[in-house]
Structure formats: structure tokens, C-alpha cells
Student: 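Here it is: the structure, laid out below.
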Amino acid sequence: MARRVTDPPTRHSIEDWHRSNEHQYQTSELERMKAERARAEHERLRQETHERKEKTQSDVAQTLGQRVNDVSYWRDEVVRRHSDVQDHINAACHMLARLQSALRDTELPLETTKRCLANRERRRGIDLVHDNVQTELLKEQDTLMGVAGALTKAISQVTEQIRLLRKNAYNLSKDIQDKNTAEYIDRDCHQRNEGTVGGYQLPKQAIVDSKSVAPGEWEGFSDANMMAAERACHTYDKINAINHDLLNQSQSDITMCRRDTNTSFERRIEETQDTKNRLEDHLQKVIEETESIGNDIHSLTQAIQEKIPALQLSQFRTTKRSERPNIELVRDPVHYRLIAEAVELDASIRQLQSAYTKAVQHYEALCSRNVALTEDIETKAISLHIDLTECMGIRQQLPDLWTGQ
């Protein structure tokens with residue numbers, strides 16, 4: 001086996017040896033100088049970062065303090081608005097109770113009015129008339145129903161306002177709770193120092209929560225809540241004033257209607273008593289007029305019967321002349337006169353038939369009036385009993401209404 005031949009080591013000159021040493025000296029000096037400059041830079045950096053930390057911590061502490069003051073200020077504003085909303089809720093609940101009580105107070109008067117209307121429906125014949133009493137009763141019923149409807153609507157509005165006020169109160173309360181929590185957190189952060197954080201693990205980078213908001217949005221949120229609450233309170237104040245007027249006006253309207261209706265009853269009772277004798281005179285006149293209109297119907301029937309043969313003759317002549325041959329089928333004056341005669345006779349018969357129909361209607365109406373007047377004279381005592389005893393009797397037992405307190 002052949003031996004491996006190795007190259008002999010490199011031989012350097014004495015100059016190379018000196019240059020190598022000089023290079024080591026210079027390189028060491030250069031690295032030492034770099035290290036000294038680095039140490040000086042590090043000292044400056046330590047001082048600079050320390051000062052920067054102190055300034056930043058001072059700024060953060062000042063900013064946290066201002067933030068605590070801001071949160072406290074807005075919290076106090078929201079608390080004041082929340083207190084105002086609570087006062088409005090209490091006032092609204094009181095008004096709701098008054099409206100509900102007033103609505104219940106309309107039930108008996110309305111039932112009494114309906115009973116009077118139902119009682120008067122039992123009047124017979126001509127006495128079943130839409131007189132002033134009926135008008136006032138219907139007006140009274142409409143007024144009571146209108147008041148009940150207005151009170152019901154007002155109750156619905158106040159109930160809705162209470163709901164909105166409570167909703168705003170809840171939003172403000174939630175905002176107060178959040179601000180109390182935020183103030184506690186910021187105040188805690190403001191009071192802490194480097195020695196009170198323990199072994200808190202630093203995050204790898206600054207965290208910006210995706211749900212966070214800008215300061216303007218933060219202020220706008222509370223301001224929007226307070227503005228909404230203010231609008232709700234302002235709306236309720238207007239509704240409350242309207243409801244006060246409603247209670248007063250309703251009490252006045254019902255009292256006036258009751259007085260007017262009672263006055264109408266008294267007048268109607270007197271009028272019914274006086275009318276009984278006059279109805280007999282009218283009955284006699286109706287009997288006479290019935291006989292006269294019967295004679296008129298007979299005359300109209302004869303006049304119609306007299307026109308029918310003339311119309312038939314005119315139609316026959318027109319039809320017959322249409323059979324003329326060829327050129328003789330001419331539209332001569334006779335043709336036009338026959339057409340005019342037929343139209344004239346037909347119009348006359350229609351007029352007479354219309355008059356006959358109206359005369360029959362008048363006759364039937366007079367016959368109906370005859371029967372009604374006869375029955376009415378016999379039933380006036382019943383009408384007087386209904387108005388005087390059944391209606392006025394229960395009306396005089398009605399209690400006083402609520403007062404517009």
C-alpha cells in the first residue's frame with residue numbers, strides 16, 4: 001500500500017510575522033474603542049429611556065386622573081338625568097291611576113244613558129221619534145263614549161310613556177353602572193405604581209380591543225342616552241298637560257250634557273202632555289186628505305186608460321206604413337208626425353204613471369199616518385211613564401263625577 005504524500009507546511013517570512021502581530025494590535029484596539037463607544041451609547045440610552053419612562057408615566061397618571069374626572073362628571077350628569085326620569089315615571093304612574101279611575105267613573109253614567117235610550121225604544125207609534133231628548137241622550141252617549149275613548153287612548157299613551165321612560169331609565173342605569181365600573185378601574189390604575197402590579201405577564205404587543213370606541217363615541221353614547229331621556233320627559237310633560245286638560249274638560253262636558261238632557265226630558269214631558277189633544281185634530285185632517293188623494297188616484301187611472309188606445313193606434317199606423325213597396329217607402333211628413341205622436345203619447349203615459357205612483361205613495365203614507373196617529377193618542381200615557389218614571393227616576397240617582405284635580 002502506497003503512502004499518502006502530504007504538502008510541507010507553509011513557511012512565512014519575518015515580515016509576515018510582524019505584520020500579523022501589528023494586525024492583532026490594531027484590531028484589538030479597534031474593537032476596544034467600539035466597545036467603549038457602545039458602553040457610552042448604552043449609558044445615554046439608559047438615561048434617555050429612564051427619563052422617557054418617567055415622563056410617560058407622569059403623562060399617563062395625569063391622563064388617567066383626567067379620565068377619572070371625566071367619567072365622574074359624566075356619571076354625575078347621567079345620575080341627575082336618571083333621577084329626573086324616575087320623577088317623571090312616578091308622576092306618570094300617578095296620572096295613569098287618575099285616568100283609570102276617571103274611566104271607571106264613566107261606566108255608570110254611560111250605562112244609565114244606554115238604559116234611557118233602551119227604555120225610550122219601547123215607545124209606540126209616532127212617539128218613537130227622534131226628539132230633543134233623543135238628541136241629547138245620543139249626544140250624552142257620544143260624549144261619554146268619547147270621553148271613555150279619550151281616556152282609554154290617554155291611558156294607552158301614558159302606559160307607553162311609562163314604558164319609554166322605564167326603558168330610558170334602564171339605559172341610564174346601565175350607563176351609570178358601566179361608568180362606576182370604568183371609574184373604579186381607572187382610579188385603581190391611577191393609584192397603582194410599579195411595585196403594585198406583582199408578576200403581571202406583559203402582552204407580546206399593545207392590545208386594541210375591536211369593541212373599543214373613540215372618546216367622541218363614548219361621550220356621544222351618554223349624551224344620546226340623556227337626550228333620549230330628555231325627549232321622553234319633555235314628551236310626557238306635554239302629554240301630562242294634555243291629560244290634565246282632558247280630565248277637567250271631560251268633567252265639564254259630561255256635567256253640561258247631563259244638565260241639558262235633564263232639561264230636555266222636562267220639556268219633552270210637558271210637550272207630550274200638550275200634544276195628545278192636538279193629535280186628534282191632525283188625525284181628522286189626515287182622514288180627509290186620504291179621501292181626497294183616493295179620488296185623485298182614480299182620476300189618474302182614467303187618464304192613463306184614455307191614452308193607451310191612442311198610443312196603440314199611432315204604433316199601428318207606423319207599422320202598417322212600413323209595408324209600402326219600393327220607392328213608396330218614403331220618410332214623408334206623415335212618418336215623422338206619427339213618430340212624434342207616439343213619443344208624445346208615451347211620455348204623457350209615463351208622466352201620468354209617475355204621478356199615479358206618487359199618489360199611491362201619498363195615499364199609503366196617509367193611511368199609515370192614520371193608523372200611527374190613532375195608536376199614538378192611545379200610547380201617550382206610556383211615553384209619559386217611560387220619560388218621567390223610568391228615565392228621570394234613574395238619572396236623579398246618579399252620583400257626582402270626579403273633579404279635575
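We use all heavy atoms of the structure for the numbers below, so side chains are in, but hydrogens, waters and symmetry mates are not. As the structure is a prediction and not an experimental result, all values here were calculated from the model.
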Student: Is atom CD of Glu270 surrounded by more than 12 heavy atoms (other residues, nucleotides or ligands) closer than 6.0 Å?
Tutor: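 No.
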Student: What's the separation between atom CD1 in Ile293 and atom CD in Glu364, rounded to the nearest 0.5 Å?
Tutor: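 It comes to 11.5 Å.
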Student: For the backbone of Ser292 and the side chain of Asp296, can you confirm whether one donor and one acceptor N or O come within less than 3.5 Å of each other?
Tutor: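 No: the side chain of Asp296 does not pair with the backbone of Ser292.
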Student: Less than 4.0 angstrom from a charged side-chain N to a carboxylate O is my criterion; do Arg104 and Glu107 meet it?
Tutor: no
Student: Looking only at the side chains, is there a donor atom on one of Asn262 and Glu266 sitting less than 3.5 Å from an acceptor on the other?
Tutor: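 Result is no, nothing qualifies.
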Student: Would you kindly say whether Glu230 and His234 are connected by a side-chain donor-acceptor distance under 3.5 Å?
Tutor: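 Glu230 vs His234: no donor-acceptor pair found between side chains.
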Student: Got a sec, which pairs hit salt bridge (charged side-chain N to carboxylate O under 4.0 Å, His left out) with one end in residues 27-36, sequence neighbours left out?
Tutor: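 Listed by first then second residue: Glu29-Arg32, Arg32-Glu36.
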Student: Would you say Gln26 and Glu22 make side-chain contact, with heavy atoms under 4.5 Å?
Tutor: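 Yes; the side chains approach each other to less than 4.5 Å.
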Student: For Ile89 and Gln86, run side chain to side chain contact (heavy atoms under 4.5 Å, CB included): C-alpha distance rounded to whole Å, both residues' side-chain angles, the deciding distance at 0.1 Å, then the answer.
Tutor: CA-CA 5 Å; Ile89 290 174; Gln86 284 295 339; 4.2 Å; yes
Student: Please check this pair: side chain of Thr181 against backbone of Gln177, looking for a donor-acceptor N/O pair closer than 3.5 Å.
Tutor: yes
Student: Any non-hydrogen side-chain atom of Asp175 less than 4.5 Å from a side-chain atom of Arg75?
Tutor: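 In short, these two side chains do not touch, never coming nearer than 4.5 Å.
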Student: Heavy atoms, side chains only, cut-off 4.5 Å: are Asn21 and Tyr25 in contact?
Tutor: yes
Student: Under a 3.5 Å distance rule, please check whether His88 uses its side chain to pair with a backbone N or O of Asp84 as donor and acceptor.
Tutor: yes
Student: Side-chain contact, heavy-atom cut-off 4.5 Å: Leu384 with Ile269?
Tutor: yes
Student: Given 3.5 Å as the limit, does a donor-acceptor pair link the side chain of Ser156 with the main chain of Thr152, or not?
Tutor: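 Answer holds: no.
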Student: Partners of Arg120 by side-chain hydrogen bond (donor to acceptor under 3.5 Å, both in side chains), sequence neighbours excluded?
Tutor: Asp131, Gln134, Asp387
Student: Side chains of Leu366 and Asn370: does their closest heavy-atom pair fall under 4.5 Å?
Tutor: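 Side chain of Leu366 against side chain of Asn370, heavy atoms only: no contact under 4.5 Å found.
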Student: Restricting to non-hydrogen atoms, name the atom on Leu172 and the atom on Val78 that form the minimum distance, rounded to 0.1 Å.
Tutor: O-CG1, 3.6 Å
Student: Run the side-chain hydrogen bond (donor to acceptor under 3.5 Å, both in side chains) test against Gln397 and tell me which residues pass, sequence neighbours left out.
Tutor: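 Not a single residue meets the side-chain hydrogen bond (donor to acceptor under 3.5 Å, both in side chains) criterion with Gln397.
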Student: Checking the side chain of Ser222 only, and the main-chain atoms of Glu219 only, is there a donor and an acceptor separated by less than 3.5 Å?
Tutor: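 Side chain of Ser222 to backbone of Glu219: no pair is present.
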Student: Any salt bridge linking Lys174 with Asp178? Criterion: basic side-chain nitrogen under 4.0 Å from a carboxylate oxygen.
Tutor: yes
Student: Roughly how far, to the nearest 0.5 Å, is the OG1 atom of Thr261 from the CD1 atom of Ile254?
Tutor: 11.5 Å
Student: Test: salt bridge (charged side-chain N to carboxylate O under 4.0 Å, His left out). Region: residues 237-253. Which pairs qualify, not counting sequence neighbours?
Tutor: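 Output for this query is empty, none listed.
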Student: To the nearest 0.5 Å, tell me how far Leu246 CG sits from Asn240 CG.
Tutor: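 Going from the CG atom of Leu246 to the CG atom of Asn240 covers 11.5 Å.
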Student: Calculate, to the nearest 0.5 Å, the distance between atoms CD and OG belonging to Gln273 and Ser383 respectively.
Tutor: 11.0 Å
Student: Quick one: closest heavy-atom pair of Arg258 and Glu140, and the distance?
Tutor: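 Heavy-atom minimum between the residues: CA-OE2, 3.2 Å.
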Student: Could you tell me whether the side chain of Ser354 and the main chain of Arg350 form a donor-acceptor pair under 3.5 Å?
Tutor: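 No; judged by distance alone, with no hydrogens or angles, the pair does not exist.
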Student: Is it the case that the side chain of Thr290 and the backbone of Val286 share a donor-acceptor pair, with hydrogens and angles ignored and the cut-off at 3.5 Å?
Tutor: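 Confirmed, Thr290 side chain pairs with Val286 backbone.
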Student: Rounded at 0.5 Å granularity, tell me how far CG in Leu99 sits from NE2 in His94.
Tutor: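 Rounded to the nearest 0.5 Å, the CG-NE2 separation comes out at 10.0 Å.
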Student: Answer with yes or no whether the side chains of Asn132 and Arg268 bring together a donor and an acceptor at under 3.5 Å.
Tutor: no
Student: Take atom CD of Glu291 as the centre, draw a 6.0 Å sphere, and report whether it contains more than 12 heavy atoms from other residues, nucleotides or ligands.
Tutor: no
Student: Say whether, by atom type as modelled, one donor and one acceptor occur between the side chain of Tyr236 and the main chain of Ala91 under 3.5 angstrom.
Tutor: yes
Student: What residues form a side-chain hydrogen bond (donor to acceptor under 3.5 Å, both in side chains) with Asn119, not counting sequence neighbours?
Tutor: Arg122
Student: Would you call Arg163 and Glu160 a salt bridge, using N to O less than 4.0 angstrom?
Tutor: yes
Student: Ser264 and Val133: which non-hydrogen atoms are nearest, and at how many Å?
Tutor: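 Scanning both residues, the minimum pair turns out to be O-CG2, 3.2 Å.
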Student: Looking only at heavy atoms, which two atoms of Thr106 and Leu103 are closest? And how far apart?
Tutor: OG1-O, 2.6 Å
Student: Which of these, Asn90, Leu247, Ile239, Ile155, sits in a side-chain contact (heavy atoms from CB on, under 4.5 Å) with Met95?
Tutor: Leu247
Student: Which pair of heavy atoms, one from Cys93 and one from Arg166, lies closest together, and at what distance?
Tutor: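 The pair with the smallest heavy-atom distance is SG-NH2, 3.8 Å.
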Student: Considering only NZ, NE, NH1 and NH2 on the basic side and carboxylate oxygens on the acidic side, decide whether Lys139 and Asp142 come within less than 4.0 Å.
Tutor: no
Student: Mind checking whether Lys55 and Glu51 have side chains closer than 4.5 Å, heavy atoms only?
Tutor: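 Lys55 does not reach Glu51 side chain to side chain.
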Student: Considering all heavy atoms of both residues, which atom of Thr143 and which atom of Cys257 are nearest to each other, and what is their separation?
Tutor: OG1-SG, 3.3 Å
Student: Can you tell me how far CD of Gln100 sits from CG of Leu151, rounded to the nearest 0.5 angstrom?
Tutor: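 It comes to 10.5 Å.
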Student: Any side-chain heavy atom of Asp70 sitting closer than 4.5 Å to one from Tyr73?
Tutor: no
Student: Would Glu48 and Arg44 pass as an ion pair if we require N to O under 4.0 Å?
Tutor: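 Counted as a salt bridge, because a side-chain N and a carboxylate O are separated by less than 4.0 Å.
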Student: Who pairs with His23 by side chain to side chain contact (heavy atoms under 4.5 Å, CB included), at least two apart in sequence or on another chain?
Tutor: Thr27
Student: Donor-acceptor check, side chain of Arg123 to backbone of Val129, threshold 3.5 angstrom: yes or no?
Tutor: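 Judged by distance alone, yes, a pair lies under 3.5 Å.
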